[in-house]
Amino acid sequence: MLLIPCPHCGERPENEFSYGGDGTVERPTDPAAVSDADWHAYVYRRANPKGPHVEYWYHQFGCRSWFKVRRDTHTHEILPLEDETS
Amino acid sequence: MADPATKHSPLATLTVPDRLTGGTADVSLTERPFLGKLVLRGGDGIHDAVRPVLGLDLPAPLRSAASGRLQVLWQGPDSWLIVGERETVGYTEEALRVAASGLHAAVTDVSSGTTVLRLAGPAARDVLLKGCGIDLEPPAFGTGSCTPTRVAAFAVTLVQIDDAPTYDLYIARSLARTFAEWLIDACGE
Ligand SMILES: [Zn+2]
């Protein structure tokens, strides 16, 4: 089982969390101005990289916070989050 | 037909085996029914605002705090559970509303939504570890420690009361019976 570092609770077992998917996707600020193809891409299209991946996790069985984790999808290693506004 | 004026705790009809009710067992299991409980949510300014009402500081993450009449449990970065006798919690609720007015804050009575199971004795830690993946050994988790966590399939708020060790487990009332039966089963091994 993964140990996932919650910013509030520290490292906790994976079964306390829900996975939230790609943490870099941004909702278009003006949905009405977005083409159907671009909206489809925003809702459904994901990169699925093999390697480092910034993703959302939700501490469902804990403090109920959403936060971002950078995880290597190949090795499951948890990596430092690169500097970004989260 | 049940008397509608009689209140029943979620575990009123649960039969706890005799070996888990005595003071000499390695582990005992009891319910602490009918406590008053408030959820306090609040951000900036909430600590200073509620300190005079509670008579104590809101606990830091992963900690609990207690005065003679109230216990305060950390539940998340802007969330605390305040526990005490119903009457005490009743007037505390009003006082907290006044104290927190003007702040981005909320006070909600959740007394009936959860009940409390008390698991105590030298084997209590081992019983919990059958379903809980966090480190419960001091100093990682000791008297006064408090965290929402997962025990088996259940979301509980776990508080260590003393070094016996004694633990209080806050559980949604709809799941309380299933959870208690899981604990009884875990105590049997
Ligand atoms: Zn957490």
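In what follows, every chain begins at residue 1, and chains take the letters A, B, ... in the order their sequences are listed.
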Counting only heavy atoms from other residues, nucleotides and ligands, does the tally under 6.0 Å from [atom1] of [X] exceed 12?
X: B/D44; atom1: CG; value: no
X: B/H47; atom1: NE2; value: yes
X: B/E85; atom1: CD; value: no
X: B/R32; atom1: CZ; value: yes

- Query: Looking at A/G62, A/C6, A/P7, which one has more heavy-atom pairs under 4.5 Å with chain B than the rest?
  - Reply: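 Most heavy-atom pairs under 4.5 Å with chain B: A/G62.
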- Which value, rounded to the nearest 0.5 Å, describes the distance between B/T147 atom OG1 and A/R12 atom CZ?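 CZ of A/R12 is found 3.5 Å from OG1 of B/T147.
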- Query: At what distance, to the nearest 0.5 angstrom, does CG of A/N15 lie from OG1 of B/T149?
  - Reply: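 The OG1 atom of B/T149 is 8.0 Å from CG of A/N15, to the nearest 0.5 Å.
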If two hydrophobic side chains count as joined below 4.5 Å and joins carry through other members, does [X] share a cluster with [Y]?
X: B/F141; Y: B/W74; answer: no
X: B/L14; Y: B/L169; answer: yes
X: B/V89; Y: B/V159; answer: no

- Message: If I measure from the heavy atoms of chain B, does A/R64 come under 4.5 Å with its side chain, its backbone, both, or neither?
- Response: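 Contact with chain B is absent: no heavy atom of A/R64 under 4.5 Å.
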- Query: Do you know which two heavy atoms are closest between A/E16 and B/R150, and how far apart they sit?
  - Reply: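 Reported closest heavy-atom pair: OE2-N, 3.6 Å.
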- Message: Please give me the minimum heavy-atom distance between B/A153 and A/F61, naming the atom from each residue.
- Response: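 Looks like O-CE2, 3.8 Å.
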- Do you know which of B/G133, B/G76, B/P77, B/P61 has the most heavy-atom pairs under 4.5 Å to chain A?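 Heavy-atom pairs under 4.5 Å are most numerous for B/P77.
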- Message: If you count heavy-atom pairs within less than 4.5 Å of chain A, which of B/I134, B/D78, B/T157 leads?
- Response: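 Option with the top pair count is B/I134.
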- Task: Kindly indicate whether the side chain of A/H8, heavy atoms from C-beta on, has any atom under 4.5 Å from the side chain of B/L62.
- Result: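 With C-beta onward as the side chain, the pair stays apart.
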